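A short worksheet on the structure shown next.
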Amino acid sequence: MPDIIHHILKTYFGYDSFRPQQEEIIRNVLAGNDTVVLMPTGGGKSLCFQIPAMALEGITLVVSPLIALMKDQVDAMIANGIPAVFINSSLSAREIFEIQEELQRGKIKLLYIAPERLALLDFQVFLKSLPISLIAVDEAHCISEWGHEFRPDYRNLQRCKQVLFPHVPIIALTATATLKVKEDIITQLHLQTPKVFLASFDRPNLFIRVKPKQQAFKEILLLLKKYTDEAVIIYCLSRKETETLAVALNKEGHKATAYHAGMSSDERKKAQDRFKKDQVSIIVATIAFGMGIDKPDVRLVIHYSLPKSIEGYYQEIGRAGRDGLASECVLFYTYGDTRTLEYFIGAMEDADEQRRARVKLQEIVDYCEAQGCRRNILLRYFGEVGEMQNCASCDTCTTTKETFDGTVIAQKILSAVIKTGQKFGAQHVISVLRGSKNQGVLSRGHDSLSVYGIVKDYDDSALRLFIKELASKGYLLKDEIDHNIFIFKVSAKGMDALKQRASIELTKPPVAMAKGKSSSSGKGSSTHSDNELFQELRALRRKIAEQRNVPPFVIFSDKSLLEMTEYLPQEREQFSKIFGVGAQKLEDFGHKFMEVIRQYAGKKL
Ligand code: ADP
Ligand code: ZN
């Protein structure tokens, strides 16, 4: 007899093993302790309170900020045979009354509510009458003003420990891992000597790449070929851009829809619903899109424009591959996009806020222009060690770097640094070399220097890469003259190289590398759209989902369907071994899926 939590994992969720940390977290909760869970999106936070909910007597109260998500979560529980309900403002008074009666009859294991409900006195009295054995606070960073999604209603949660249920353990969960937010969660919720679990933020199933933004639309079409009918999110900077791009994609025969804050909430809900239900496969969105989406099978996330910060970028790409299957993230980078972002920053009123935004912008620019492993940079950003030699799932680790004789361009750069007086940052040197007519160049008379406009064959981004490489090779010295303001000087080694015309090897910039090559390759390129049985199983899944009015992933995940195509289970016993098949789903859907598999297997004989 396996122990109770493994038993629940298999019977209700159809999974064989826990993901990292889940088991320790669950045992800590079951021991009656307060718990804080910091885990990236897709890490498997929900199970950390859903399994205790089934193991404990009584009811687990789940506080969740998004009404739209609550229904999906409850539908997913029910499909697994777990009695769960939600109460929020989308229900009528009559419906709420009926649910309250059901709760009092003692059959329900999980009750989902929105935080505002805790402010209602009547509701508090009702809650007190229930045998609450655990409180789970999802998206717990919403309680902190330091987080990026502060929700004043979350402050109602202070009452849980103070007044309502002083002895009931709390588990708080979030994907925002900064120290300030974590401390805020602990104090605001009045957690008592909580155990904090910090999972790694690495997501090895995401293949990450940055590509120069050149003929980006063509590149997108090439990428989409690999992901026919699979879920794709494309992030843009402006509302207008989302609309133009969605129209262009539809013209090319794709099913795409725009999503941005300028649409009515009805239109947005409709777009999101169609995406969730696989009726449209591509959503072209501003960053307004995301919080409400827990679709596990997004295979590709594209950034058509530069994100504002690494934090935001990581959240956005985090929406790919929540089911753990290989997925791809592509950012189209051009330094020119910083001008648009700079414009937004200029419009901010608070000087401190402006400064923070500029630091963040610089960080994401550095990330895009980096030559080293991208995962290492991301992990270091989130406070982890990040020392992988070769992660095998980012562009820089998987492309061999070609070098070329860069003596000529290196000399031009070194001369320009000297001629401009060794007191400027990279951008000014680049502007001079490329013959820019911007104010900074003209007002200093730098348009009359001999190095003015002498570079014709490289763009800004390529020059930035060369300057970085010359610095890392010791020809240039980088000096911080003010907080986050850097200038370049030529080192003794650089001086020598100039005088002796020493030959200097440089890495070919990606622009040159990208020319004439097809857009993408490598791990993460797996696609299932060519698999006939997979398509049939998906169609069946969609049909059942429509009948039940739930999103398809509530029925089965892609991973479950893929295992079916691999093992071709045709009997109950075999079928129950498939990933994600618990007792309830075996009963409800087993025969329908096995029917399709039998027919397919018969045809192949
Ligand atoms: P989070 O809330 O951390 O973003 P979820 O709880 O939504 O993540 O889990 C992401 C996906 O991983 C879900 O589809 C979930 O069913 C799946 N999952 C969670 N734990 C496991 C596990 N132990 N084995 C297999 N799949 C799991
Ligand atoms: Zn790497």
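Just so we're clear, the structure is a prediction, and the values are computed from it rather than from any experiment. Start at 1 and go down the list; that is how both ligands and their atoms are numbered.
- With atom 8 (O) of ligand 1 as the reference point, the heavy atom nearest to it among Gly324, Ser17, Gly44 is part of Gly44.
- Distances under 2.8 Å from the Zn ion (ligand 2) pick out the protein N/O/S atoms Cys373 SG, Cys391 SG, Cys394 SG, Cys397 SG.
- Under 4.0 angstrom from ligand 1, the non-hydrogen atoms of Phe579 all belong to its side chain.
- With no hydrogens or angles considered, a side-chain donor-acceptor pair links Glu469 and Thr507 at under 3.5 Å.
- Using bins of under 30°, 30° to 60° and over 60° for the plane-to-plane angle, the ring pair Phe589/Phe593 lands in the perpendicular bin.
- Asn28 contributes no side-chain N or O that, together with a main-chain N or O of Lys195, makes up a donor-acceptor pair within less than 3.5 Å.
- Taking only nitrogen or oxygen atoms, main chain and side chain alike, Asp323 does not reach within less than 3.5 Å of ligand 1.
- Of the polar atoms of Lys45, at least one N or O is found under 3.5 Å from an N or O of ligand 1, judged by distance alone.
- A side-chain donor from one of Ser393 and Arg375 sits under 3.5 Å from a side-chain acceptor of the other.
- Ring pair Phe575/Phe556 is perpendicular by interplanar angle, where above 60° counts as perpendicular and below 30° as parallel.
- At the top of the distance list for atom 16 (O) of ligand 1, counting protein heavy atoms only, stands Tyr15 OH, 2.5 Å.
- When the shell of 6.0 Å around CD of Gln547 is examined, it contains more than 12 heavy atoms from other residues, nucleotides or ligands.
- A salt bridge does not link Arg268 with Asp273: none of the charged nitrogens is closer than 4.0 Å to a carboxylate oxygen.
- Residue contacts with ligand 1, taken as heavy atom pairs separated by less than 4.0 Å, involve Gln22 solely via side-chain atoms from C-beta onward.
- The closest protein non-hydrogen atom to atom 11 (C) of ligand 1 is Arg322 O, 3.6 Å.
- Ser64 and Asp138 share no side-chain donor-acceptor pair at under 3.5 Å.
- When heavy-atom distances to ligand 1 are checked against a 4.0 Å cut-off, Phe18 comes that close only through its backbone atoms N, CA, C and O.
- In summary, the side chains of Tyr235 and Tyr313 do not present any donor paired with an acceptor at a separation below 3.5 Å, with no hydrogens or angles considered.
- Contact check for Tyr112 versus Ile87: no side-chain heavy atoms found under the 4.5 Å cut-off.
- No salt bridge links Arg464 with Asp366; every basic N to acidic carboxylate O contact stays at or beyond 4.0 Å.
- If you check which protein heavy atom lies closest to atom 17 (C) of ligand 1, you get Arg19 NH2, 3.6 Å.
- Ring orientation note: the planes of Phe18 and His6 are nearly perpendicular, at an angle over 60° on the 30°/60° scale.
- Residue contact check: Pro40 has heavy atoms under 4.0 Å from atoms 3 (O) of ligand 1.
- Protein heavy atom closest to atom 1 (P) of ligand 1, with residue, atom name and distance, is Gly42 N, 3.5 Å.
- Residue-environment remark: NZ (Lys308) stays at or below the threshold of 12 foreign heavy atoms within 6.0 Å.
- With a heavy-atom cut-off of 4.0 Å, Ala175 does not touch ligand 1 at all.
- For atom 13 (C) of ligand 1, the nearest protein heavy atom lies 4.0 Å away or farther.
- For atom 6 (O) of ligand 1, the closest heavy atom belonging to the protein is Ser46 OG, 2.7 Å.
- Under 4.0 Å from ligand 1, not a single heavy atom of Ser557 appears.
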